[in-house]
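Below, each value reflects all heavy atoms present in this structure, side chains not excepted, and no hydrogens, waters or symmetry copies. One-based numbering, in listed order, for ligands and for the atoms of each.
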Amino acid sequence: MKSVLGLADMSRDEILAILELAAQFVGEDDAPCTPTRYQDALRGASIALMFFEPSTRTRASFELAISRLGGYPLIFTSDASSMKKGESEVDTCLNLAAMGVEGFVIRHSERRVPFTVADAVDKPVFNAGNGIGEHPTQGLLDLLTIQRTLGRQTLEGVRVAIIGDIVHSRVARSDVYGLRTLGASVVVAGPAQLLPTDRAAWDVDFATERDAALDGADFVIMLRVQRERIHSEAVDTDAYVREWGVDENVVETRMKQGAWIMHPGPVMRGVELSGRVADSSRSLILRQAAYGVASRQAVLLHAMGRA
Ligand code: CP
């Protein structure tokens, strides 16, 4: 059993193994599909879903993934728990583990929390987003989406642009790690105030204009501006839409022919993407949501030694 805390240190072989397993949970026309041999793979296992920040896709897909593998998703609500009386995350998880909970899916605004729980509790911890740290299962589902769209496993020769609020994005970090590991070339772009300053650590190309990032990109991952994490100068929405938004005209005139649009969600329609582009045939957004369940089924089985 092992925790899944990030993609920064996950090997190419391990990523490919998880993605190969995940592909088994995607049926025809992307319909959910759990092969019979996995339907009871988590039978008897209770896994706690501990979301200290809002979530739709990650929480629902982990819950569905656990259920479809025959396990029991224990929904933990911090506001209604003894954490309101001052109990720590670690003590909470130790007590749940003592009751037989066998894994912890944790989303938290503080980067350290999934790591401190994983150090203290002898059960697998699944990082469902830790502040601006990582979002490894989002990274994996994005890789699965790109693999299946291309029809191949490795990504040499593929160019991916990630555009928007890079500095606050745990998705950008996990995507960059995963994409680089599978051989893709990556460019990140956004307004200066939303770009990281530790550029060398990212080991990707940086662009300071949207069209430079779009140039030659096969996949364009658009990101939301995370206003809840911006404590400095506010972002001017009109200027952002003009300079960084992607609408039908930008798709027609600036994007590579046949390039695909992705977004981890939630999409702010009319800001980073027009509604028409989000709903267009070039958009993979709902496919990403569908593959989120398959990817999390694979991650759970892989980490819990039930594959
Ligand atoms: N992509 C993502 O993490 O979405 P949620 O915040 O809805 O889980």
In one Ile/Leu/Val/Met/Phe/Trp/Tyr side-chain cluster, 4.5 Å: Ile15, Tyr177 = yes
Can you find an N/O atom of Ser55 closer than 3.5 Å to an N/O atom of ligand 1?
-> yes
Any N or O of Pro264 closer than 3.5 Å to N or O of ligand 1: yes
Note: ligand 1 atoms sitting under 4.0 Å from heavy atoms of Gln138 are 1 (N), 2 (C)
Near Thr56 (heavy-atom distance under 4.0 Å), the atoms of ligand 1 are 5 (P), 7 (O), 8 (O)
For Ala207 and Ala212, the nearest pair of non-hydrogen atoms, with its separation, is CB-CB, 4.2 Å
Distance col, row Leu7:CG vs Leu143:CG, nearest 0.5 angstrom, shows 7.0 Å
- Item | Side chain Ser82, main chain Lys85, donor-acceptor under 3.5 Å | no
Just by distance, do the side chain of Arg224 and the backbone of Gly265 share a donor-acceptor pair under 3.5 Å? no
* To do: Specify whether Trp260 and Phe219 have parallel, tilted or perpendicular ring planes, treating 30° as the upper limit for parallel and 60° as the lower limit for perpendicular.
  => parallel
Is the closest heavy-atom distance from Gly265 to ligand 1 below 4.0 Å? yes
Of Arg107, Glu53, Arg57, the residue with the heavy atom nearest atom 6 (O) of ligand 1 is Arg107
Looking only at protein heavy atoms, what sits closest to atom 2 (C) of ligand 1 is Thr58 OG1, 3.6 Å
